[in-house]
Amino acid sequence: MNFRKINIITGHYGSGKTNVSVNMALDLAEKGEKVTVVDLDIVNPYFRTADFKELFGEHNISLTVPTYANSNLDIPALGFDMNGIADREGYIIIDVGGDDEGAKALGRYRKVFEKYDTQMLYVINRCRYLTKEPAEALQLMYEIENASGMKCDGIINNTNLGRETDRNIVLGSVAYADEVCREAGLPLVAVTAEAGYLDGIDKAYPVNIYVKKLWEEFGDEAEK
């Protein structure tokens with residue numbers, strides 16, 4: 001994974017972009033880098049980088065969230081000093097909401113991003129019903145680009161089925177991701193999955209599973 005000063009991670013709901021963002025931040029921190037994570041997912045209340053405050057704290061990762069994140073208020077407020085955040089030492093990881101509203105929130109800071117070495121990476125997941133076909137994944141990418149006023153710089157193939165993921169699912173997504181990249185005219189930046197599923201796969205980027213569906217979390221508790 002080639003990181004830039006500012007790394008914007010976007011994708012459709014269920015693509016796994018938040019888990020990718022968490023892993024990227026921890027990866028950089030473990031290498032001794034200073035890292036700031038910005039949670040720009042103002043729509044989805046269930047899978048947000050804001051939920052990992054304790055984990056980030058253990059690794060000295062700074063976290064910036066919408067004003068009302070993780071509260072009982074429905075509408076988060078964007079009060080980010082993005083210029084100040086971007087001026088911080090180290091790397092910035094920005095987790096963006098997976099719809100037009102999330103992309104519009106990103107677009108508010110486009111002028112700031114243009115001042116820095118920035119990349120926007122689009123996360124795809126062949127197992128999501130709205131992105132099973134390359135054309136569907138491309139359409140959603142273009143919608144995010146149009147809403148944000150920004151262009152994607154690369155694609156991350158994060159195809160998974162949660163706990164049901166196996167090596168065949170990851171292998172079966174390679175041709176799909178290649179077609180998305182070819183049609184988009186963008187490079188494949190990484191194929192992300194647990195390490196055991198990535199043998200022999202080009203651009204492999206092993207990740208741990210930090211973001212789990214609610215029923216998976218309950219299952220983990222029951223097994224303890």
Side-chain angles (χ1 to χ4, degrees), residues 1-11 15-42 44 46-67 69-70 76 78-98 102 105-106 109 112-113 115-125 152-158 160 162 165 187-198 201 203-213 216-217 220:
M1 183 77 73
N2 292 318
F3 295 98
R4 298 188 189 177
K5 170 66 178 179
I6 298 176
N7 305 272
I8 300 167
I9 312 303
T10 189
S15 63
K17 62 184 179 56
T18 293
N19 196 69
V20 170
S21 298
V22 171
N23 275 272
M24 291 173 70
L26 292 171
D27 183 13
L28 286 166
E30 287 171 4
K31 294 174 181 176
E33 303 289 352
K34 292 186 179 297
V35 186
T36 298
V37 173
V38 179
D39 188 337
L40 260 181
D41 194 342
I42 64 171
N44 187 350
Y46 298 111
F47 309 115
R48 299 180 302 198
T49 43
D51 298 326
F52 297 91
K53 182 177 181 179
E54 183 176 344
L55 177 64
F56 288 157
E58 293 171 357
H59 292 81
N60 296 315
I61 297 170
S62 299
L63 175 64
T64 301
V65 302
T67 303
N70 284 351
L78 289 180
F80 298 131
D81 174 13
M82 194 63 75
N83 276 297
I85 293 171
D87 277 337
R88 294 177 186 175
E89 182 182 353
Y91 294 88
I92 316 295
I93 307 291
I94 302 178
D95 181 19
V96 181
L106 176 68
Y109 303 106
V112 176
F113 301 139
K115 301 175 186 177
Y116 297 86
D117 185 21
T118 299
Q119 64 178 347
M120 184 161 77
L121 303 178
Y122 179 58
V123 179
I124 59 175
N125 183 350
C152 291
D153 298 287
I155 289 172
I156 295 174
N157 176 13
N158 186 56
N160 72 89
T165 304
L188 177 68
V189 172
V191 179
T192 51
E194 293 182 273
Y197 305 141
L198 291 171
I201 292 181
K203 303 291 180 69
Y205 186 76
V207 296
N208 293 318
I209 308 304
Y210 296 102
V211 180
K212 297 180 180 179
K213 299 178 179 65
E216 290 177 343
E217 292 184 354
D220 289 343

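Side chains are part of it too, since the values below use all heavy atoms of this structure and drop only hydrogens, waters and symmetry mates. For the single chain, residues carry numbers from 1 onward in sequence order.
Listed here is the closest heavy atom pair of L40 and A105: CD2-CB, 4.2 Å. Looking at every heavy atom in both residues, V211 comes nearest to N19 through N-OD1, 3.0 Å. For the residue pair G16 and V123, the shortest heavy atom distance occurs at C-CG1, 4.5 Å. The nearest pair of heavy atoms linking I156 to M1 is CD1-CE, 4.2 Å. Here the closest non-hydrogen pair linking Y197 and I201 is O-CD1, 3.6 Å. The two residues A86 and V112 have their closest heavy-atom pair at CB-CG1, 4.2 Å.
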> Are N160 and N125 close enough, and set up right, to give a side chain to side chain contact (heavy atoms under 4.5 Å, CB included), and what steps lead you there?
Replying inline: CA-CA 6 Å; N160 72 89; N125 183 350; 3.3 Å; yes
>> Walk me through whether V35 and M24 qualify under side chain to side chain contact (heavy atoms under 4.5 Å, CB included).
In response: CA-CA 10 Å; V35 186; M24 291 173 70; over 6 Å; no
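Note: I92 CD1 to D117 CG = 12.0 Å, rounded to the nearest 0.5 Å. Interatomic distance, CE of M82 versus OG1 of T64, reported as 8.0 Å (0.5 Å rounding). In this structure, CE on M120 lies 12.5 Å from CG on N7, to the nearest 0.5 angstrom. If you take CD on E54 and NE2 on H59, they are separated by 11.5 Å, rounding to the nearest 0.5 Å. Residue Y210 holds its OH atom at 6.0 Å from CG of L55, rounded to the nearest 0.5 Å. Interatomic distance, CZ of R4 versus CD of Q119, reported as 5.0 Å (0.5 Å rounding).
For K5 (side chain) and G90 (main-chain N/O), a donor-acceptor pair under 3.5 Å exists by modelled atom type. A donor-acceptor contact shorter than 3.5 Å is absent between the side chain of S21 and the backbone of D95.
Using a 4.5 Å cut-off on side-chain heavy atoms (C-beta onward), N208 and N23 make contact. Residues L63 and F52 have side chains not in contact (no heavy-atom distance under 4.5 Å, counting atoms from C-beta outward). Between I8 and L106, the closest side-chain pair of non-hydrogen atoms falls below 4.5 Å. For the pair K203/N157, no side-chain contact is recorded, criterion being any heavy-atom separation below 4.5 Å from C-beta on. No side-chain heavy atom of T165 sits less than 4.5 Å from a side-chain heavy atom of E194.
Taking D27 as the reference, F3, K31, Y205 meet the side-chain contact (heavy atoms from CB on, under 4.5 Å) condition, with sequence neighbours excluded.
Remark: of the listed residues T36, I94, I85, I93, I94 is the sole one forming a side chain to side chain contact (heavy atoms under 4.5 Å, CB included) with I6.
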